[in-house]
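To start, the structure under review is shown below, and the notes come after it.
In what follows, every chain begins at residue 1, and chains take the letters A, B, ... in the order their sequences are listed. Everything numeric in this text was worked out from a predicted model, so none of it was measured.
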Amino acid sequence: MAKHITPRSEDYSRWYQDIVKKAGLADNSAVRGCMVIKPYGYAIWEKMRDQLDKMFKETGHVNAYFPLFIPKSFLSKEAEHVEGFAKECAVVTHHRLMNDPNGNGVVVDPSAKLEEELIVRPTSETIIWNTYKDWIQSYRDLPLLINQWANVVRWEMRTRPFLRTAEFLWQEGHTAHATSQEAEAEARQMHDVYARFCEEFIAMPVIKGSKTDNEKFAGAEDTYTIEALMQDGKALQAGTSHFLGQNFAKAFDVKYLNSENKEEYVWATSWGVTTRLVGALVMTHSDDEGLVLPPKLAPIQVVIVPIPKPSPEIDELAEKLLAGLSAKGVSVKYDKDDTKRPGFKFAEYEMKGVPVRLGIGKRDLEKGVVEVARRDEKTKESVAVDQVENHVLNLLDEIQANLLDRVKRFRDDHITEVNSFDEFKEVIEGKGGFVSAHWDGTTATEKKIKELTKATIRCIPLDQADESGTCVLTGEPSARRVLFAKAY
RNA sequence: CGGGGCGUAGCGCAGUCCGGUUAGCGCACCUGCUUUGGGAGCAGGGGGCCGCAGGUUCGAAUCCUGCCGCCCCGACCA
């Protein structure tokens, strides 16, 4: 059967959902707003997770695990924080079920009401800082550099697989430091780690910047963000790193004695990326034929397809190539399923985004070649058997680089400087992408622009020269340009 | 939470307006044969509380009432 994917030009949102479903990444579940991550989708997340975990360890962090449930009272200790999350929390009120006296299955046992309700964590700052209070006494206990891999729940109105679901997987780093400078450096360091991960592994260039007061994390002093651009011209926040100042330390009374025996509040950061990155990956590279995966995150990097079906001669060569490539660390699959025809397999592996496909048929055997097809450019070539291994190794690198290059060009073409509000609207409504414009620095203007155009300030880019000008909406003076876009 | 749409086989749908044999089609699945360099062909076969609960009727997928769920679009958000 031809598995039809809605073309991007027709309906980008449906195209995205088709890819997620037909490439076998995730299914809708019986639970509203929650998805089932299927093995293939989870394999991609695992690759991301393993790589990120390695990078966290390299920067001195260790993993730990904190409770799923947070006492309600904890959330109200930091006023801005509770403000940010209160509207989307799942609340546990009882701890027991009982048989319905009327015979309708089970019901909540009213006598099992919790004295203090528990909140399913939307993020773990509060439970963690409540714990850190006991762990930190002296400057010798600092810095405390901890990460946790966990699920969190945010009761969203509208959900989309990977991009926004009620429950999602993520990592959250929570660190404590003796000085403001050190905490700031940590927040920026992890910001860099995220940006590097996105570029090197997802092959997705990101813009590093800081959030405006309006857009920053509830409870943070500063929020650093990485912003990516999707194919449809909308921006996607791919990760954030927060400098929390002493807000949580004060709320949870976390103090340490410095070397002069003086008590001080600690300085904090938190930082996270989520399974949303899987959605970002999909929307960054894929095409109307299906998923396109960067080799570094592809669960299967190379697939070998026998044409038209396995035979002793084909098997022999395939097994040899498989062994050789596997020894070099490449994940290879030899598809020996003889109930499927080659054409079906080609389409299927293209749907799944496998970067490189090797085809071996009788004609190839006679000529001593293998057909090598690359997913990113959809091209094929014949390569002599004894060169296949090196060729594939190089090709994987080339594909990884090509994807990044391609996306970078698209992204750079979609950062448009504008100097009037008319231009601003024209670009936002037409071309899309990021709009670089002067802004007077007020939340009121930011909100007004959003109201008028649906575009929000994605970030104040870090690596950008100051340039004085006038606000695109109000004409008030502005010290630098900021990036606006419609966002996911 | 507003607006729109949809619940019939694993998936996609027709049938519903205007009630009437045994509920149908495509894909998928199973068996067999023939095929096989870009999603194979033929033949045979299995699979349905027609979203749930009431009601009207001799008779309900179809009409009425209530409920539940899902999707899309918006407001809010990683």
Any side-chain to backbone donor/acceptor pair from [X] onto [Y]? Under 3.5 Å, distance only.
X: A/Arg375; Y: A/Leu291; value: yes
X: A/Trp15; Y: A/Asp18; value: no
X: A/Lys345; Y: A/Val305; value: no

Given [options], the nucleotide with the shortest approach to the side chain of [X]:
X: A/Arg158; options: B/A75, B/G39, B/A40; answer: B/A75
X: A/Ser13; options: B/G39, B/C73, B/G38; answer: B/C73
X: A/Phe344; options: B/G39, B/G37, B/C76; answer: B/G39
X: A/Lys454; options: B/G37, B/U36, B/G74; answer: B/G74
X: A/Lys450; options: B/C73, B/C76, B/G38; answer: B/C76

Please list residues of residues 38-48 of chain A whose heavy atoms come under 4.0 Å from any atom in RNA chain B, ordered by number; otherwise none. none
Taking the [atom1] atom in each of [N] and [M], what is the distance between them to the nearest angstrom?
N: B/G7; M: B/G46; atom1: C1'; answer: 25 Å
N: B/A60; M: B/G69; atom1: P; answer: 28 Å
N: B/G5; M: B/C76; atom1: C1'; answer: 23 Å
N: B/C50; M: B/C13; atom1: C1'; answer: 13 Å

Hey, is CD on A/Glu319 packed in by over 12 heavy atoms from elsewhere, all under 6.0 Å?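 Enclosed.
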Verify the neighbour count for atom NZ of A/Lys47: are there more than 12 heavy atoms of other residues, nucleotides or ligands below 6.0 Å?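 Yes - once you tally the heavy atoms of other residues, nucleotides and ligands closer than 6.0 Å, there are more than 12.
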A/Lys380 NZ - B/G37 P separation (whole Å):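 Going from NZ in A/Lys380 over to P in B/G37 covers 12 Å.
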Rounded to whole Å, please give me the gap between CZ in A/Arg14 and P in B/C70. 20 Å
Side-chain donor or acceptor of A/Arg357 under 3.5 Å from a matching atom on the base of B/G38?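 Yes, a donor-acceptor pair under 3.5 Å.
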Please confirm whether any donor atom in the side chain of A/Glu350 sits under 3.5 Å from an acceptor in the base of B/G38, or the reverse. yes
Looking at A/Tyr349, I'd like to know if the NZ or CZ of A/Lys352 sits under 6.0 Å from its six-membered ring centre while staying within 45 degrees of the ring's axis. no
Just one of A/His191, A/His242, A/Lys216 clears the side-chain hydrogen bond (donor to acceptor under 3.5 Å, both in side chains) bar with A/Thr223, so which one?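 With A/Thr223 as partner, A/His191, A/His242, A/Lys216 yield a single side-chain hydrogen bond (donor to acceptor under 3.5 Å, both in side chains), made by A/His242.
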